[in-house]
Amino acid sequence: MIQFFNTLSGQKEPFTPIEPGKVKLYTCGPTVYDHAHIGNFRAYVFEDVLKRFLRFQDFQVTHVMNITDVDDKTIRGAKTKGVPLADYTAEYIGAFFDDLKVLRIEPADHYPRATEHIPDMVRIIQGLLDKGFAYRKDGAVYFSIARSPGYGKLSKIDLAELRTTERVESDEYEKESARDFALWKAPKEGEPFWDSEIGPGRPGWHIECSAMSAKYLGPTFDIHCGGVDNIFPHHENEIAQSEAYWGRPFVNTWLHCHHLIVDGEKMAKSKGNFFTLRDLVKNRQVDPMALRYLLLSTHYRKVLNFTFEALEQAQAALRRIRDFLYELDSRPFQAGEVPEVRNILTEARTKFVEGMGDDLNISLALTALFEMIKRVNVLIREEKLRADDARETAAFVHSLDLVLAVLLPQRETTIPDELMRKIQARELARKDRNFKLADQLRRELDDAGLVLEDTKDGVRWKVLR
RNA sequence: GGCGCGGUACCCAAGCGGCUAAGGGAGAGGUCUGCAAAACCUCGAUUCGUCGGUUCGAGUCCGACCCGCGCCUCCA
């Protein structure tokens, strides 16, 4: 059984997709005005693990992630740079896809862009006007919260209790109610706009997701993800619009990922603790897989405190898994198998699936993996593990990696002749008990990224980079 | 002010009424080794923010309090 904590109900509930065996998933994507930061990627990695786990459980997942390529920030950015909006956003869209690959985040099935779905949004806005859920004001169209009885059900916000900020108050004169939000914004001088039957202008942010999710997933779908900060107002507004327009439930399960903070503080450019993936990988030589491990190793509903110490610990945990695979791969095991291994793997798999199935309890899932590693390592130590066991165990680890995606793809094992000769030279030196030369050669190989290990079955090596 | 999250060993982090409080990292000692690496073994919280309460029994439920953080405005 799989259960998720549904923000809408405020509790864990068994997950049952609308259509058996199929999951329709929508996740809020980037606004492409800048490079995505590690906080963004925390959410995307969480969503990736969710998707991979659903697939692991044999669900067929249709995943849609929107790309917001028109909003205040992208418009401002393009203007500042003096380039057309599309040129400006193209750079960041490209960077975004590059980053996804670096973190081994599987591509969505659809990446609809706001600018390419204006007619879909206009249709809904027109419908909301027709049905009386929206009204026009000074060339813009607003959604009337007063006519949406369920408003607040996701965020548990009581509108009467809301603190009115200066910004909201200042807008009040042009709306019927301070909390009404724009579906369609009137054109402004020097800003891009689209002509449509509801007049010239550009879409509000919220309508984008309502229109594009419905287009690719239908008016009601299974799971909608995003960061906690999106609960209000973004997702609340999506629900209001979509349910008003379609007259049926919008989303069954809402999953929200908590924030990432850095050294105990909110990440902010002004604090100097703001990191993009590119910073870390290029300027700090961070292993993207260690970052991915760190991002996924804290439960998605808990605040993740990013520190470089935590990153090192993630790297160490990862090294333990990789070293284990290396052991399985590089030892000369006797042919055959022992029955014990099959049990160990079955137990680990069960525990892994149970953990992940319980609202993605990643800690339990990782424990299952590490306990298995420990038990098999003992068998190796006792020289009980056989060749078939080793093969099966390695295959098992790789199967879990279908969900975790933290192991490198199979690495090139051939090494340059020059290094090969050094390894042999060192072996000769060791035979002659010339340890000084042997250690010197080891250091040289280490500098070249090769770690040598002397075993009773001879020398072996790991490629570190 | 409203809504919400969290405080478990040096660090990260499970456990949410009952076996000796998972797992990872770091640390100490040991086995193996020319040395090292990896692996293995041993050690490490009488204790789960504080104070009360419920219970035969509580990190685990209830109440109060203290501390940290997030959202309420574009934001993953």
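Every chain is numbered from 1, with letters handed out A, B, ... down the list of sequences.
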Side chain of A/T367, base of B/A22: donor and acceptor closer than 3.5 Å? yes
Which way is the base of B/G59 turned, syn or anti, if we draw the line at 90° from 0? syn
Can you pull the salt bridge (charged side-chain N to carboxylate O under 4.0 Å, His left out) pairs that have at least one residue in residues 253-266 of chain A, sequence neighbours excluded? none
Pairs satisfying side chain to side chain donor-acceptor pair (under 3.5 Å), at least one member in residues 362-372 of chain A, at least two apart: A/K351-A/E371
Listing request: all salt bridge (charged side-chain N to carboxylate O under 4.0 Å, His left out) pairs with a residue in residues 288-298 of chain A, at least two apart in sequence or in separate chains. A/D48-A/R292
If you count the non-hydrogen atoms of other residues, nucleotides and ligands that lie under 6.0 Å from CD in A/Q334, is the total more than 12? no
Between the base of B/G70 and the ring of A/H258 - centre-to-centre under 5.5 Å, planes within under 30° - is that a stack? no
Could one point to a donor on the side chain of A/K73 or the base of B/C74 with an acceptor on the other under 3.5 Å away? yes
Under 30°, 30 to 60°, or over 60°: which ring-plane class applies to A/F221 and A/F250, parallel, tilted or perpendicular? perpendicular
Watson-Crick or G-U stems of RNA chain B, 3 or more pairs, under 3.5 Å, by first number: B:1-7 with B:66-72, B:10-12 with B:23-25, B:27-31 with B:39-43, B:49-53 with B:61-65
Side-chain atoms of residues 91-101 of chain A: list all donor-acceptor pairs with protein atoms under 3.5 Å, sequence neighbours left out, distances to 0.1 Å.
residue, atom, partner, partner atom, Å
A/E91, OE1, A/K81, NZ, 3.1
A/D99, OD1, A/R278, NH1, 2.7
A/D99, OD2, A/R278, NH1, 3.4

Single hit among A/V61, A/D222, A/V403 for side-chain contact (heavy atoms from CB on, under 4.5 Å) with A/L54: A/V61
All N/O contacts under 3.5 Å from nucleotides 25-33 of chain B to the protein, with atom names and distances to one decimal?
residue, atom, partner, partner atom, Å
B/U31, O2, A/R381, NH2, 2.9

Donor-acceptor pair present, A/D229 side chain and B/G70 base, under 3.5 Å: no
